[in-house]
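In what follows, a structure is listed as C-alpha cells, so that the remarks can point back to it.
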Protein chains: 2
Amino acid sequence: MLVAVDCIIFGFDGTDYKILLIQRGFAPEKEKWSLMGGFVQMDETLDEAAKRILNQLTGLHDVYMDQMSAFSQPLRDPIERVIAVPYVSLIDIEKYSKQINNDFHAKWFSIREIPKLIFDHGDMVELALQQLRYKAALHPILFELLPEKFTLPQLQTMYEGLYDIKLDKRNFTRKLLSSNLLHKENDKDKSSSKKGAYYYSLNEDFYTRNLSNILPIVSKSDISLAAE
Amino acid sequence: MLVAVDCIIFGFDGTDYKILLIQRGFAPEKEKWSLMGGFVQMDETLDEAAKRILNQLTGLHDVYMDQMSAFSQPLRDPIERVIAVPYVSLIDIEKYSKQINNDFHAKWFSIREIPKLIFDHGDMVELALQQLRYKAALHPILFELLPEKFTLPQLQTMYEGLYDIKLDKRNFTRKLLSSNLLHKENDKDKSSSKKGAYYYSLNEDFYTRNLSNILPIVSKSDISLAAE
DNA sequence: TCAAAAGTGTTATCACTACACCCATGG
DNA sequence: CCATGGGTGTAGTGATAACACTTTTGA
C-alpha cells in the first residue's frame, strides 16, 4: 500500500483566494490539473513529506501546514492503492512568485474557477476550504496569507472574501486592535487610496502564543455552515 | 508500507473518564497494554477499518468516530514501517459491557491511571484527550458517552470532569435547556439522591442538525489550554 | 427530623451590533 | 476642489457570570 501527501496551497491576492495547481507531466491523467503531491518515503514522516513537496514546488520553508483527514477510497487512484493525506498550506502569494519553480507548470486559480481535477482532488479542495473557514473563524491563521506588513482594509477584505460577507469596518477594526495581535507601523500603503492606510505587522510573540487559542474574528453565525 | 488504524475508545462511568485498552496477545510487546488496532485491508477505507476494528472489540455499531492526525514516525513500530491513523470513539460504557468480547482481554482504565502503552499509543491517547476537550467545548458530542436517558447533574459532572472545573449549576442548566437539545422525561433517577433528578433525553433531530454547528457549553477560557 | 442532592431568579458586567460623519490626499 | 477610500465613537441589545435559598425524600 502506498501513502501519498497532497498539498492544497492557498494564497490571497488582495481580492481573491487562490489555490496553486500543477499540470501533471506523467500518466495517469497526464496534462490534467492536479494538486502537488508525492509519495511518503520510508525515512520521513508525513509532515516532512509535505514540507519537502511544498518546498519542491514553491521553494518556501517554514510554511503554515495543517494535516487534513486522509482520503482512502480503495479505488481513488485507478492504478494502485494509494492512501492520500492532504495538507492545507497558507502562503504569502508574493513570496511564492519570487521563488517559482517552473518544472511543474504551476498556476494559481481563483477558488471560484477551479478546473476539474484528477482523482478526488476536487473533494480535497472543497474540504480544505470548509476547514479553512472553520478554523479561521476561531484562530488567527489568515495572517499567513499576507506579507509582513499589511493594512486593516486588506485584512478585512480577506475575512469578507472567505465567508462572502460584509463586515462593519469599525467593529472589525476594534476587534482586531483589541486583540493585541497587531503592531502599528509608521508608514502607509498608498496603493489603493490617496489618503493611504497605515501598515500593521503581526505581534509575533503574541501570535504564536495564541494560534492554538480560540480567538474568534467573525461571529458564530458566519461559520455555522462551514463546520468541520 | 502498512497503514493501521488505532481506536481510542472513551467512556464515562458517571464519575470518571475511561479508555478501553487491550492486552496484546502477540509479539512485539506481547502482554503489554495497547490500543485496539489493526491493519487497513485493500478493499476498505480507513473509516471502514476503524468501524470493523471497534466492532470486533465491542460488538457495537453506529458509534461516534472521529479521525485524528496520522502518526508517521518511521521507527514508531520497530518491526516495520507502519503509519497509524488513530480514531477517537465515544461510547456508552453500559452498552459496551453488555456486548463485551473477552478475546482481547480488554479493560477500562481511568484516564488518570493509564498504564504505559506500546509504541506511541500513549501520545495518541494524550492527543485524543486534547482534541476531545477542544471539540466538546464547541460541539455537543459528549452526549455520546451517556445512555439514552440522563440527568442534568450527570451531564454537568461530565463537563466538569473533562475540564477539571466547577460549573455553576444554575447557569449550566439554563444554557443546556435553552439549547433545545434536551427533552424532559417524566421519570426521575433516584440512584444518587433521595429527591431524585429528572431524566432528559436528546432531541435527536436537533442534535444531528447541530453537531457540526458551534454551540459552546463551557466558556472560552476553559478550553484555551486544550486547543487542537 | 435531618442530611444530601435537586431545583430555581436576579443583577451586574461584558461583548456584540448597528449606525454616520470627518479626514487626508492625489489628481 | 473634489472624489475616493481611511479612520473613528456611542448607544442599545443580548449573552455570560456571580451569587443563596427552598424543596424533596429516604433513612
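Note on naming: letters A, B, ... go to the chains in the order of the sequence lines (proteins, then strands), and numbering restarts at 1 for each one.
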Item to complete: Could you walk me through whether B:Lys190 and B:Lys194 pass the side-chain contact (heavy atoms from CB on, under 4.5 Å) test, one step at a time?
Response: CA-CA 6 Å; B:Lys190 298 216 167 181; B:Lys194 290 157 187 175; over 6 Å; no

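- In this structure, B:Lys169 atom NZ and D:dT22 atom P are separated by 14 Å, rounded to whole Å.
- A tilted orientation is assigned to the rings of A:Tyr17 and A:Phe12, their planes being inclined by 30° to 60°.
- Rounded to an integer number of Å, the gap from A:Asp168 CG to D:dG6 P is 14 Å.
- For the pair B:Phe143 and B:Phe150, the minimum side-chain heavy-atom distance is below 4.5 Å.
- Look at OH on B:Tyr199: it is 12 Å from P on C:dA6, rounded to the nearest Å.
- The aromatic rings of A:Tyr134 and B:His139 lie parallel to each other, their planes meeting at an angle below 30°, with 60° marking the opposite boundary.
- A straight line from CG of A:Leu167 to P of C:dA18 spans 11 Å, rounded to a whole angstrom.
- Rounding to whole angstrom units, NZ of residue B:Lys184 and P of C:dA6 are separated by 13 Å.
- For the segment residues 171-183 of chain A, residues with any heavy atom less than 4.0 angstrom from an atom of DNA chain D are, sorted by number, A:Arg174.
- Evaluation of atom-type donor-acceptor distances gives a pair under 3.5 Å for the side chain of A:Arg170 against the base of C:dA20.
- Formation of a donor-acceptor pair under 3.5 Å by the A:Glu185 side chain with backbone atoms of A:Lys149 is not found in this model.
- Residue B:Lys166 contributes atom NZ, which lies 16 Å from atom C1' of D:dC19 at whole-angstrom precision.
- The nearest whole Å value for the distance from the CZ atom in A:Phe150 to the C1' atom in D:dG6 is 16 Å.
- C:dT8 atom C1' lies 13 Å from atom OH of B:Tyr198, rounded to whole Å.
- Classified by interplanar angle (parallel below 30°, tilted 30° to 60°, perpendicular above 60°), the ring pair A:His121/A:Phe119 is perpendicular.
- Residues of residues 188-196 of chain A having a heavy atom closer than 4.0 Å to DNA chain C, listed by number: A:Lys190, A:Lys194, A:Lys195.
- No side-chain heavy atom of A:Thr173 sits less than 4.5 Å from a side-chain heavy atom of A:Leu176.
- No side-chain donor-acceptor contact under 3.5 Å links A:Asp16 to the backbone of A:Ser110.
- Rounded to the nearest 0.5 angstrom, A:Leu155 CG and A:Leu145 CG are separated by 10.5 Å.
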